[in-house]
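Here's the structure, in structure tokens; my notes come after.
In this text the structure is predicted, and so the values were computed from the model without any measurement.
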Amino acid sequence: MTFEHLLFSIEDGVALLSLNRPEQLNSFTPAMHLEVREALKQVRQNPEVRVLLLTGEGRGFCAGQDLSDRNVAPGAAMPDLGASIETYYNPLIRTLRELPMPVICAVNGVAAGAGANIPLACDLVLAARSASFIQAFCKIGLIPDSGGTWMLPRLVGMARAKALTLLGERLSAEQAVEWGLIYRVVDDADLRNEALTLARHLATQPTAGLALIKRSLNASFDNSFNEQLELERDLQRLAGRTEDYREGVSAFMAKRTPRFEGR
């Protein structure tokens, strides 16, 4: 399938998905949502893909929803924004969190509205030094979506989550790292290469086990301690039956570099 609003490629086990509406700061339209959905479907179905790298083209990662098709003229019928969330944003966030592989997000500029929360559904977030995160919803009378109200308090605490969402102030990449919102900041010119290097490294690792790590950590916020212990037991049972585990132990005993296949 040829995509109009994104760039998509698969190489060395890494699927690179880059939002490509740079003149609109990669803001989402229904058409771009559908293309991203198709690309993620291909990622899930292709056994060669072991890592997903999500980023954006141009000077911004994503400005959230394109409001040009949401302009409510006086007297016009009000839109059902809940339907848009249920149809597009919620499935996207669920897919990113549930993909059985590491998902890296490289934030290459402004990340606003839904664009500030989509990275938080990924596993490792790198940001360019010039990048910023803006919970812009309050500026137009909306609430944070795309999982923002769930993820922000858990990542930065309730006081900071309320400040970010009620004031809508710009959060720099350096501050985002300090607050525990993202993983790492790199120089702008190095962002894509740093993210690809990380993705290629992960693609050589036991990604079946990494998927189980991701699954266990995502579940930990909602589980009691005893429930989490039981989940660890169940997932460790699955991990111990993978070919990657067999290879890892064999390589360790033979003092050689393991060759993992992600299964």
Side-chain angles (χ1 to χ4, degrees), residues 6-7 14-28 32 36 40 51-65 89 92-93 95-97 99 101-137 139 144-157 160-161 163-165 167-203 210 214 217-218:
L6 57 88
L7 303 178
V14 177
L16 173 59
L17 194 167
S18 189
L19 307 178
N20 190 31
R21 300 183 71 231
E23 297 304 316
Q24 295 78 29
L25 291 177
N26 298 319
S27 56
F28 271 93
M32 190 164 83
V36 170
L40 292 178
V51 178
L52 170 64
L53 172 56
L54 174 65
T55 190
E57 297 298 309
R59 59 190 177 89
F61 169 68
C62 177
Q65 175 66 35
Y89 289 100
L92 170 60
I93 296 301
T95 297
L96 292 173
R97 279 181 59 86
L99 272 177
M101 65 186 67
V103 178
I104 301 170
C105 184
V107 179
N108 53 299
V110 65
N117 291 331
I118 289 170
L120 307 184
C122 301
D123 303 312
L124 294 169
V125 183
L126 282 67
R129 206 165 298 280
S130 65
S132 59
F133 299 81
I134 308 171
Q135 296 292 326
F137 303 91
K139 298 181 181 297
D145 57 33
S146 301
T149 61
W150 191 91
M151 291 181 285
L152 284 170
R154 287 166 168 79
L155 291 171
V156 303
R160 285 172 170 168
L164 288 172
T165 56
L167 300 175
E169 295 176 340
R170 172 186 175 274
L171 185 72
S172 69
E174 287 87 353
Q175 192 74 59
V177 168
E178 183 179 332
W179 284 12
L181 194 71
I182 65 174
Y183 166 52
R184 187 151 56 98
V185 172
V186 300
D187 290 338
D188 287 39
D190 299 331
L191 177 66
R192 184 67 65 94
N193 284 337
E194 290 279 346
L196 282 170
T197 297
L198 180 59
R200 288 166 181 153
H201 164 72
L202 287 172
L210 298 187
K214 171 178 175 175
L217 290 175
N218 285 343

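Looking at heavy atoms from C-beta onward, Glu169 lies out of side-chain contact with Ile134 at the 4.5 angstrom threshold. Side chains of Arg184 and Val177 form no contact here, defined as non-hydrogen atoms less than 4.5 Å apart. At a threshold of 4.5 Å between non-hydrogen side-chain atoms, the residues Asn117 and Leu152 count as touching. Taking 4.5 Å as the limit, some side-chain heavy atom of Arg192 sits within range of a side-chain heavy atom of Leu16. Residues Arg21 and Ser27 meet the side-chain proximity criterion, which asks for heavy atoms closer than 4.5 Å. Side-chain contact between Tyr183 and Leu126 is present, with heavy atoms from C-beta onward closer than 4.5 Å. The shortest distance between side-chain heavy atoms of Met32 and Leu19 falls below 4.5 Å. A heavy-atom distance below 4.5 Å is not found between the side chains of Ile182 and Pro119.
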Point to revise | Ile118 and Leu54: CA distance, side-chain angles, deciding distance, side chain to side chain contact (heavy atoms under 4.5 Å, CB included) verdict | key: CA-CA 10 Å; Ile118 289 170; Leu54 174 65; 4.0 Å; yes
Practice item. Under the side chain to side chain contact (heavy atoms under 4.5 Å, CB included) rule, what do Leu52 and Leu40 come out as? Steps first, then yes or no, please. Key: CA-CA 9 Å; Leu52 170 64; Leu40 292 178; 3.6 Å; yes
Check your understanding: Could you walk me through whether Leu198 and Leu53 pass the side chain to side chain contact (heavy atoms under 4.5 Å, CB included) check?
Key -> CA-CA 9 Å; Leu198 180 59; Leu53 172 56; over 6 Å; no
Practice item. Dump the intermediate steps for side chain to side chain contact (heavy atoms under 4.5 Å, CB included) on Asp123 and Ile104, then the final yes or no. Key: CA-CA 6 Å; Asp123 303 312; Ile104 301 170; over 6 Å; no
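Minimum interatomic distance between Val14 and Ala203 (heavy atoms only, all atoms of both residues): CG2-CB, 4.1 Å. Closest non-hydrogen pair, Pro22 versus Gly58, comes out as CB-CA, 4.0 Å. Among all heavy-atom pairs drawn from Ala131 and Val107, the shortest one is CB-O, 3.7 Å. Closest non-hydrogen pair, Gly56 versus Phe61, comes out as N-CD1, 3.9 Å. Between Tyr89 and Ser146, the shortest heavy-atom contact is CD2-OG, 3.4 Å. Taking each heavy atom of Gly113 and Phe137 in turn, the nearest pair found is C-CZ, 3.3 Å.
The CD1 atom of Ile93 lies 8.5 Å from the CG atom of Leu120; values are rounded to the nearest 0.5 Å. To the nearest 0.5 angstrom, Leu196 atom CG is 14.5 Å from His201 atom NE2. With values rounded to the nearest 0.5 angstrom, Arg154 atom CZ is found 9.0 Å from Thr149 atom OG1. To the nearest 0.5 Å, atoms CZ (Phe133) and CZ (Arg170) are separated by 10.5 Å.
More than 12 heavy atoms of other residues, nucleotides or ligands sit less than 6.0 Å from atom CZ of Arg160.
Ion pairing between a basic and an acidic side chain is recognised when a charged N comes within 4.0 Å of a carboxylate O; Arg129 and Asp188 show no such pairing.
Under 3.5 Å, the side chains of Asn108 and Glu57 contain no donor-acceptor pair of N or O atoms.
Here the side chain of Lys214 pairs a donor or acceptor atom with the backbone of Met101 at under 3.5 angstrom.
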